[in-house]
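Below is one structure, written out as C-alpha coordinates; comments come after it.
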Amino acid sequence: MPFDPESVAPLLLDWYGREGRELPWRGTRDPYRVWLSEIMLQQTGVATVIPYYQRFLERFPTVLDLAAAELDAAIELWAGLGYYSRARNLHAAARKVTAEHGGRFPETLEALQALPGVGRSTAGAIRAIAFDRPGVILDGNVRRVLCRLLAVTDDPRATATEKELWRWAEALTPENRSHDYAQAIMDLGATLCTPRRPDCPRCPLAGLCRAKALGLEDELPRRAARKSVPTRMQVALLLERDGRFLVRQRPFSGMLGGLWEFPASDVAEGQLPLVVARRLLADLGLAGEPTEAGRVRHVYSHFKLDLRLYRAAVTDEFAVAEGVASRRLTAVELADLPLHGAHKKVLSDLIQSQPSTPESRSRP
DNA sequence: AATTCGGGGTC
DNA sequence: GACCCAGAATT
(Lines give C-alpha, C1' and ligand atoms only; values in the text may rest on other atoms or scores of the structure.)
Protein backbone atom coordinates (compact mmCIF):
# COMPACT_ATOMS: atom_id res chain seq x y z
CA MET A 1 0.00 0.00 0.00
CA PRO A 2 1.60 3.24 -1.16
CA PHE A 3 0.24 5.31 1.73
CA ASP A 4 -2.07 5.19 4.70
CA PRO A 5 -5.63 5.29 3.32
CA GLU A 6 -6.80 7.17 6.37
CA SER A 7 -4.52 10.08 5.59
CA VAL A 8 -6.55 11.08 2.52
CA ALA A 9 -9.89 12.12 4.03
CA PRO A 10 -8.50 14.74 6.46
CA LEU A 11 -6.56 16.45 3.68
CA LEU A 12 -9.60 16.47 1.40
CA LEU A 13 -11.96 17.69 4.11
CA ASP A 14 -9.64 20.51 5.08
CA TRP A 15 -9.34 21.59 1.46
CA TYR A 16 -13.09 21.31 0.90
CA GLY A 17 -13.76 23.55 3.87
CA ARG A 18 -11.69 26.25 2.24
CA GLU A 19 -12.21 25.71 -1.51
CA GLY A 20 -15.45 23.78 -1.91
CA ARG A 21 -17.92 25.07 -4.49
CA GLU A 22 -21.26 26.57 -3.62
CA LEU A 23 -23.98 24.96 -5.69
CA PRO A 24 -27.79 25.21 -5.60
CA TRP A 25 -28.18 21.72 -4.11
CA ARG A 26 -25.66 22.33 -1.38
CA GLY A 27 -26.76 23.69 1.94
CA THR A 28 -29.68 21.27 1.99
CA ARG A 29 -29.92 17.72 3.22
CA ASP A 30 -33.42 17.21 1.94
CA PRO A 31 -33.13 13.71 0.45
CA TYR A 32 -35.52 14.67 -2.33
CA ARG A 33 -33.30 17.52 -3.46
CA VAL A 34 -30.13 15.50 -3.07
CA TRP A 35 -31.63 12.65 -5.07
CA LEU A 36 -32.92 14.99 -7.79
CA SER A 37 -29.54 16.67 -8.17
CA GLU A 38 -27.69 13.35 -8.28
CA ILE A 39 -29.95 11.99 -11.02
CA MET A 40 -29.66 15.16 -13.08
CA LEU A 41 -25.89 15.18 -12.69
CA GLN A 42 -25.45 11.66 -14.06
CA GLN A 43 -23.29 12.16 -17.16
CA THR A 44 -24.27 15.82 -17.19
CA GLY A 45 -22.26 18.92 -16.33
CA VAL A 46 -23.04 21.16 -13.36
CA ALA A 47 -23.61 24.25 -15.51
CA THR A 48 -26.13 22.39 -17.66
CA VAL A 49 -28.02 21.02 -14.68
CA ILE A 50 -28.51 24.19 -12.64
CA PRO A 51 -31.41 25.77 -14.57
CA TYR A 52 -33.16 22.40 -14.94
CA TYR A 53 -32.78 21.75 -11.24
CA GLN A 54 -34.30 25.11 -10.35
CA ARG A 55 -37.26 24.72 -12.72
CA PHE A 56 -37.92 21.17 -11.60
CA LEU A 57 -38.00 22.16 -7.93
CA GLU A 58 -40.33 25.07 -8.59
CA ARG A 59 -42.78 22.77 -10.33
CA PHE A 60 -42.30 19.80 -7.98
CA PRO A 61 -41.20 21.05 -4.54
CA THR A 62 -41.54 17.64 -2.88
CA VAL A 63 -41.45 14.00 -3.85
CA LEU A 64 -45.20 13.88 -3.22
CA ASP A 65 -45.77 16.55 -5.86
CA LEU A 66 -43.72 14.60 -8.37
CA ALA A 67 -45.46 11.33 -7.55
CA ALA A 68 -48.86 12.95 -8.01
CA ALA A 69 -47.95 14.36 -11.43
CA GLU A 70 -48.26 12.66 -14.79
CA LEU A 71 -45.12 11.30 -16.43
CA ASP A 72 -45.65 13.79 -19.26
CA ALA A 73 -45.12 16.69 -16.86
CA ALA A 74 -41.77 15.31 -15.70
CA ILE A 75 -40.60 14.67 -19.25
CA GLU A 76 -41.57 18.18 -20.28
CA LEU A 77 -39.27 19.61 -17.60
CA TRP A 78 -36.51 17.19 -18.64
CA ALA A 79 -36.64 18.06 -22.35
CA GLY A 80 -33.15 19.07 -23.51
CA LEU A 81 -31.31 17.47 -20.62
CA GLY A 82 -30.82 14.11 -22.33
CA TYR A 83 -30.87 10.51 -21.18
CA TYR A 84 -34.63 10.55 -20.84
CA SER A 85 -34.85 7.22 -19.07
CA ARG A 86 -33.70 9.29 -16.10
CA ALA A 87 -36.95 11.24 -16.19
CA ARG A 88 -38.95 8.04 -16.53
CA ASN A 89 -37.09 6.42 -13.65
CA LEU A 90 -37.31 9.58 -11.57
CA HIS A 91 -41.07 9.59 -11.83
CA ALA A 92 -41.31 5.86 -11.09
CA ALA A 93 -38.99 6.24 -8.10
CA ALA A 94 -41.06 9.11 -6.72
CA ARG A 95 -44.14 6.92 -6.83
CA LYS A 96 -42.25 4.08 -5.20
CA VAL A 97 -41.02 6.30 -2.37
CA THR A 98 -44.55 7.52 -1.88
CA ALA A 99 -46.24 4.15 -2.06
CA GLU A 100 -43.70 1.97 -0.28
CA HIS A 101 -41.96 4.39 2.08
CA GLY A 102 -44.76 6.78 2.94
CA GLY A 103 -43.11 9.64 1.08
CA ARG A 104 -39.89 9.45 3.11
CA PHE A 105 -36.69 8.45 1.35
CA PRO A 106 -35.17 5.21 2.61
CA GLU A 107 -31.79 5.46 4.32
CA THR A 108 -30.24 2.09 3.59
CA LEU A 109 -28.07 1.50 0.55
CA GLU A 110 -30.15 -1.51 -0.41
CA ALA A 111 -33.42 0.39 -0.41
CA LEU A 112 -31.90 3.39 -2.17
CA GLN A 113 -30.40 1.24 -4.91
CA ALA A 114 -33.77 -0.45 -5.34
CA LEU A 115 -35.15 2.85 -6.63
CA PRO A 116 -35.28 3.04 -10.43
CA GLY A 117 -32.32 5.02 -11.77
CA VAL A 118 -30.32 4.77 -8.56
CA GLY A 119 -27.24 2.58 -8.98
CA ARG A 120 -24.40 1.79 -6.66
CA SER A 121 -22.64 5.14 -6.90
CA THR A 122 -25.77 7.31 -6.71
CA ALA A 123 -27.03 5.31 -3.73
CA GLY A 124 -23.72 5.99 -1.99
CA ALA A 125 -23.93 9.67 -2.82
CA ILE A 126 -27.48 10.04 -1.48
CA ARG A 127 -26.64 8.06 1.63
CA ALA A 128 -23.64 10.27 2.35
CA ILE A 129 -24.94 13.69 1.34
CA ALA A 130 -28.53 13.43 2.57
CA PHE A 131 -28.10 11.23 5.63
CA ASP A 132 -24.46 11.90 6.52
CA ARG A 133 -23.77 8.17 6.66
CA PRO A 134 -20.80 6.51 4.93
CA GLY A 135 -21.55 6.07 1.25
CA VAL A 136 -19.01 5.09 -1.38
CA ILE A 137 -19.00 6.95 -4.69
CA LEU A 138 -17.31 5.96 -7.92
CA ASP A 139 -18.28 8.49 -10.55
CA GLY A 140 -16.19 10.05 -13.29
CA ASN A 141 -14.54 12.47 -10.89
CA VAL A 142 -13.62 9.87 -8.28
CA ARG A 143 -12.48 7.44 -10.95
CA ARG A 144 -10.06 10.00 -12.34
CA VAL A 145 -8.79 11.07 -8.91
CA LEU A 146 -8.16 7.49 -7.87
CA CYS A 147 -6.46 6.53 -11.13
CA ARG A 148 -3.99 9.33 -10.56
CA LEU A 149 -3.64 9.03 -6.80
CA LEU A 150 -2.82 5.33 -7.16
CA ALA A 151 -1.20 5.45 -10.61
CA VAL A 152 -3.66 2.99 -12.12
CA THR A 153 -2.47 2.54 -15.68
CA ASP A 154 -5.07 0.04 -16.90
CA ASP A 155 -8.27 1.06 -18.69
CA PRO A 156 -10.41 2.39 -15.82
CA ARG A 157 -13.60 1.04 -17.40
CA ALA A 158 -12.36 -2.53 -17.60
CA THR A 159 -14.12 -4.80 -15.13
CA ALA A 160 -11.03 -5.74 -13.15
CA THR A 161 -9.96 -2.11 -12.86
CA GLU A 162 -13.45 -1.10 -11.86
CA LYS A 163 -13.40 -3.60 -9.01
CA GLU A 164 -10.02 -2.33 -7.88
CA LEU A 165 -11.24 1.27 -7.94
CA TRP A 166 -14.32 0.39 -5.90
CA ARG A 167 -12.09 -1.26 -3.31
CA TRP A 168 -9.96 1.87 -3.12
CA ALA A 169 -12.97 4.14 -2.97
CA GLU A 170 -14.24 2.12 0.00
CA ALA A 171 -10.87 2.14 1.73
CA LEU A 172 -10.57 5.92 1.44
CA THR A 173 -14.13 6.76 2.53
CA PRO A 174 -14.10 7.88 6.18
CA GLU A 175 -16.57 6.88 8.88
CA ASN A 176 -17.32 10.48 9.80
CA ARG A 177 -18.18 13.65 7.93
CA SER A 178 -19.70 11.61 5.11
CA HIS A 179 -21.78 14.55 3.91
CA ASP A 180 -18.67 16.65 3.31
CA TYR A 181 -16.34 13.92 2.10
CA ALA A 182 -18.63 12.79 -0.72
CA GLN A 183 -18.77 16.27 -2.13
CA ALA A 184 -15.12 16.99 -1.39
CA ILE A 185 -13.74 14.17 -3.53
CA MET A 186 -16.11 15.01 -6.38
CA ASP A 187 -15.15 18.67 -6.15
CA LEU A 188 -11.47 17.79 -6.32
CA GLY A 189 -12.05 15.97 -9.60
CA ALA A 190 -14.25 18.74 -10.95
CA THR A 191 -12.01 21.70 -10.10
CA LEU A 192 -8.37 20.59 -9.68
CA CYS A 193 -7.90 16.98 -10.75
CA THR A 194 -9.49 17.75 -14.11
CA PRO A 195 -9.32 15.58 -17.25
CA ARG A 196 -6.78 17.90 -18.83
CA ARG A 197 -4.03 19.90 -17.17
CA PRO A 198 -4.66 18.98 -13.55
CA ASP A 199 -3.77 21.78 -11.14
CA CYS A 200 -1.38 19.77 -8.97
CA PRO A 201 0.21 22.75 -7.22
CA ARG A 202 -3.10 23.51 -5.54
CA CYS A 203 -4.05 19.87 -4.87
CA PRO A 204 -4.25 18.81 -1.22
CA LEU A 205 -3.33 15.25 -2.22
CA ALA A 206 -0.31 16.14 -4.36
CA GLY A 207 2.08 14.88 -1.71
CA LEU A 208 0.47 11.43 -1.82
CA CYS A 209 -0.18 11.21 -5.53
CA ARG A 210 1.57 8.32 -7.25
CA ALA A 211 0.86 9.69 -10.73
CA LYS A 212 2.51 12.98 -9.85
CA ALA A 213 5.49 11.21 -8.35
CA LEU A 214 5.86 9.27 -11.58
CA GLY A 215 5.15 12.24 -13.85
CA LEU A 216 2.02 10.53 -15.17
CA GLU A 217 -0.58 13.06 -14.04
CA ASP A 218 -1.23 14.21 -17.60
CA GLU A 219 -1.53 10.67 -18.98
CA LEU A 220 -3.86 9.06 -16.48
CA PRO A 221 -6.50 7.81 -16.58
CA ARG A 222 -5.60 5.90 -19.72
CA ARG A 223 -8.88 5.02 -21.36
CA ALA A 224 -9.26 2.52 -24.16
CA ALA A 225 -9.90 4.11 -27.55
CA ARG A 226 -13.54 4.61 -28.38
CA LYS A 227 -15.14 3.04 -31.36
CA SER A 228 -16.11 5.40 -34.15
CA VAL A 229 -19.84 6.01 -34.33
CA PRO A 230 -21.86 5.25 -37.47
CA THR A 231 -24.09 7.72 -39.29
CA ARG A 232 -27.77 6.93 -39.72
CA MET A 233 -30.15 8.69 -42.09
CA GLN A 234 -33.74 9.55 -41.34
CA VAL A 235 -36.44 11.55 -43.08
CA ALA A 236 -38.87 13.84 -41.31
CA LEU A 237 -42.06 15.25 -42.82
CA LEU A 238 -43.11 18.85 -42.27
CA LEU A 239 -46.79 18.47 -42.97
CA GLU A 240 -48.51 21.81 -43.01
CA ARG A 241 -52.18 22.58 -43.18
CA ASP A 242 -53.56 25.99 -42.30
CA GLY A 243 -50.23 26.96 -40.78
CA ARG A 244 -50.17 23.96 -38.46
CA PHE A 245 -47.73 21.07 -38.47
CA LEU A 246 -48.32 17.50 -37.51
CA VAL A 247 -46.27 16.17 -34.58
CA ARG A 248 -46.39 12.85 -32.79
CA GLN A 249 -45.22 11.68 -29.40
CA ARG A 250 -42.60 8.97 -29.29
CA PRO A 251 -43.28 5.87 -27.19
CA PHE A 252 -42.23 6.28 -23.57
CA SER A 253 -39.93 3.29 -23.77
CA GLY A 254 -36.73 3.51 -25.77
CA MET A 255 -34.68 6.37 -27.10
CA LEU A 256 -35.99 9.91 -26.56
CA GLY A 257 -38.97 8.33 -24.83
CA GLY A 258 -42.02 10.55 -24.46
CA LEU A 259 -40.63 13.43 -26.51
CA TRP A 260 -42.40 14.84 -29.53
CA GLU A 261 -41.27 14.98 -33.15
CA PHE A 262 -42.35 15.52 -36.70
CA PRO A 263 -43.31 12.23 -38.37
CA ALA A 264 -40.02 10.53 -39.11
CA SER A 265 -38.70 7.27 -40.47
CA ASP A 266 -35.34 5.52 -40.79
CA VAL A 267 -33.68 5.39 -44.19
CA ALA A 268 -31.94 2.06 -44.61
CA GLU A 269 -28.56 1.72 -46.26
CA GLY A 270 -28.95 2.09 -50.04
CA GLN A 271 -32.47 3.51 -49.76
CA LEU A 272 -33.41 6.85 -51.26
CA PRO A 273 -34.72 9.35 -48.70
CA LEU A 274 -37.37 10.61 -51.12
CA VAL A 275 -38.75 7.11 -51.49
CA VAL A 276 -38.95 6.73 -47.72
CA ALA A 277 -40.60 10.15 -47.44
CA ARG A 278 -43.27 9.12 -49.97
CA ARG A 279 -43.92 5.90 -48.10
CA LEU A 280 -44.21 7.76 -44.79
CA LEU A 281 -46.67 10.20 -46.33
CA ALA A 282 -48.74 7.35 -47.69
CA ASP A 283 -48.69 5.59 -44.32
CA LEU A 284 -50.23 8.72 -42.86
CA GLY A 285 -53.06 8.35 -45.34
CA LEU A 286 -52.07 11.43 -47.29
CA ALA A 287 -51.70 12.21 -50.96
CA GLY A 288 -49.07 14.58 -52.30
CA GLU A 289 -45.45 14.78 -53.27
CA PRO A 290 -42.79 15.56 -50.64
CA THR A 291 -40.29 18.25 -51.62
CA GLU A 292 -36.83 18.62 -50.17
CA ALA A 293 -36.80 21.15 -47.34
CA GLY A 294 -33.34 21.06 -45.88
CA ARG A 295 -31.15 18.93 -43.70
CA VAL A 296 -30.18 18.71 -40.05
CA ARG A 297 -27.21 16.97 -38.48
CA HIS A 298 -27.32 15.82 -34.90
CA VAL A 299 -24.90 13.83 -32.78
CA TYR A 300 -25.96 11.22 -30.24
CA SER A 301 -23.76 9.17 -27.97
CA HIS A 302 -23.66 6.14 -30.25
CA PHE A 303 -24.54 7.39 -33.74
CA LYS A 304 -24.72 10.49 -35.86
CA LEU A 305 -28.00 11.47 -37.41
CA ASP A 306 -28.32 12.81 -40.94
CA LEU A 307 -31.89 14.06 -40.95
CA ARG A 308 -33.44 14.87 -44.33
CA LEU A 309 -36.43 17.18 -44.22
CA TYR A 310 -39.34 17.05 -46.63
CA ARG A 311 -42.25 19.38 -46.81
CA ALA A 312 -45.72 18.63 -48.11
CA ALA A 313 -48.84 20.77 -48.14
CA VAL A 314 -51.75 18.57 -47.29
CA THR A 315 -55.48 19.02 -47.33
CA ASP A 316 -56.63 15.60 -46.13
CA GLU A 317 -57.06 14.41 -42.59
CA PHE A 318 -54.01 12.80 -41.00
CA ALA A 319 -54.25 9.14 -40.16
CA VAL A 320 -52.16 8.67 -37.06
CA ALA A 321 -51.64 5.16 -35.80
CA GLU A 322 -53.81 3.88 -32.98
CA GLY A 323 -52.46 4.75 -29.56
CA VAL A 324 -50.03 7.40 -30.81
CA ALA A 325 -50.61 10.88 -29.41
CA SER A 326 -50.53 13.53 -32.11
CA ARG A 327 -51.13 17.26 -32.37
CA ARG A 328 -51.36 19.90 -35.03
CA LEU A 329 -49.56 23.01 -33.87
CA THR A 330 -48.22 26.26 -35.24
CA ALA A 331 -44.48 26.87 -35.27
CA VAL A 332 -44.87 29.20 -32.31
CA GLU A 333 -46.81 26.60 -30.36
CA LEU A 334 -44.22 23.98 -31.21
CA ALA A 335 -41.63 26.05 -29.41
CA ASP A 336 -43.32 25.16 -26.12
CA LEU A 337 -43.58 21.48 -26.93
CA PRO A 338 -40.95 19.05 -25.60
CA LEU A 339 -39.42 18.22 -28.97
CA HIS A 340 -36.17 16.25 -29.00
CA GLY A 341 -32.99 18.00 -30.01
CA ALA A 342 -32.75 17.12 -33.68
CA HIS A 343 -36.29 18.26 -34.39
CA LYS A 344 -35.82 21.30 -32.20
CA LYS A 345 -33.23 22.37 -34.75
CA VAL A 346 -35.86 22.02 -37.45
CA LEU A 347 -38.08 24.36 -35.52
CA SER A 348 -35.64 27.26 -35.56
CA ASP A 349 -35.60 27.02 -39.35
CA LEU A 350 -39.36 26.78 -39.44
CA ILE A 351 -39.93 29.98 -37.50
CA GLN A 352 -37.45 31.91 -39.60
CA SER A 353 -39.15 30.80 -42.80
CA GLN A 354 -42.69 31.70 -41.75
CA PRO A 355 -44.84 31.66 -43.71
CA SER A 356 -43.88 28.47 -45.43
CA THR A 357 -41.48 28.67 -48.33
CA PRO A 358 -40.73 25.77 -50.61
CA GLU A 359 -37.04 26.48 -51.20
CA SER A 360 -34.39 24.52 -49.41
CA ARG A 361 -33.30 25.80 -46.03
CA SER A 362 -30.22 23.70 -45.80
CA ARG A 363 -27.81 24.86 -43.15
CA PRO A 364 -24.06 25.11 -43.78
C1' DA B 1 -18.58 -7.80 -21.15
C1' DA B 2 -20.67 -4.90 -24.35
C1' DT B 3 -24.28 -1.83 -25.67
C1' DT B 4 -27.79 1.57 -25.12
C1' DC B 5 -29.03 5.89 -23.81
C1' DG B 6 -28.30 13.17 -25.06
C1' DG B 7 -26.68 17.09 -25.22
C1' DG B 8 -23.54 20.67 -24.23
C1' DG B 9 -18.93 22.47 -22.97
C1' DT B 10 -14.23 22.32 -24.07
C1' DC B 11 -9.96 22.11 -26.38
C1' DG C 1 -13.31 16.45 -34.80
C1' DA C 2 -12.51 13.91 -29.94
C1' DC C 3 -13.14 13.97 -25.17
C1' DC C 4 -15.64 14.48 -20.93
C1' DC C 5 -19.46 14.73 -17.84
C1' DA C 6 -22.07 13.52 -9.78
C1' DG C 7 -23.92 6.25 -14.54
C1' DA C 8 -27.78 3.02 -14.84
C1' DA C 9 -30.16 -0.48 -17.19
C1' DT C 10 -30.30 -3.87 -20.51
C1' DT C 11 -28.72 -7.72 -23.20
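The sequence lines fix the lettering, A, B, ..., with proteins before strands; numbering per chain opens at 1. Only a predicted model underlies this, so the values are computations on that prediction, with no experimental measurement involved.
One side chain, A:Thr122 or A:Gln42, offers a donor N or O that lies under 3.5 Å from an acceptor on the other.
The side chain of A:Lys304 contributes an N or O atom lying less than 4.0 Å from OP1 or OP2 of C:dG1. Remark: A:Arg226 is in phosphate contact with C:dC4, judged by side-chain N or O atoms under 4.0 Å from OP1 or OP2. Between A:Tyr84 and the phosphate of B:dG7, there is a side-chain N or O to OP1/OP2 separation shorter than 4.0 Å. OP1 or OP2 of B:dT3 has not a single side-chain nitrogen or oxygen of A:His302 nearer than 4.0 Å. Remark: A:His298 is not in phosphate contact with B:dG6, judged by side-chain N or O atoms under 4.0 Å from OP1 or OP2. Applying the 4.0 Å criterion to OP1 and OP2 of B:dT4, one finds that A:Ser85 has every side-chain N and O outside that range. For A:Gln42 and C:dA6, the shortest distance from a side-chain N or O to OP1 or OP2 is not below 4.0 Å. Here A:Lys227 does not reach the OP1 or OP2 of B:dA2: none of its side-chain N or O atoms lies under 4.0 Å away.
Among the atoms of the strands shown, base atoms are found under 4.0 Å from some heavy atom of A:Arg21. Across all strands shown, A:Tyr300 has heavy atoms under 4.0 Å from sugar-phosphate atoms exclusively, and none from any base. If you check every strand for non-hydrogen atoms under 4.0 Å, A:Met186 touches a base.
Side-chain to base pairing of A:Thr44 with B:dG8: no donor and acceptor N or O lie closer than 3.5 Å to each other.
Picking from B:dG6, C:dA6, B:dG9 the nucleotide with the shortest atom distance to the side chain of A:Met255 gives B:dG6. Here the side chain of A:Arg144 is nearest to one of B:dG8, B:dG6, C:dC5, namely C:dC5. Here C:dC4 is the nucleotide among C:dA6, C:dC4, C:dG7 with the atom lying nearest to any side-chain atom of A:Arg223. Ranking C:dG7, C:dC4, B:dC5 by closeness to the A:Ser301 side chain, first place goes to B:dC5.
At whole-Å resolution of the value, CZ in A:Arg120 and P in C:dT10 are 19 Å apart.
Comparing the same atom, P, in C:dA6 and in B:dT4 gives a spacing of 24 Å after rounding to whole Å. Remark: the separation of the P atoms in B:dG6 and C:dT10 is 14 Å, to the nearest Å.
If A:Arg86 and A:Ala47 are placed on DNA chain B by their nearest nucleotide, the residue sitting closer to the 5' end is A:Arg86.
Two residues are said to be in side-chain contact when any heavy atoms from C-beta on lie closer than 4.5 Å; A:Asp139 and A:Met186 meet this criterion.
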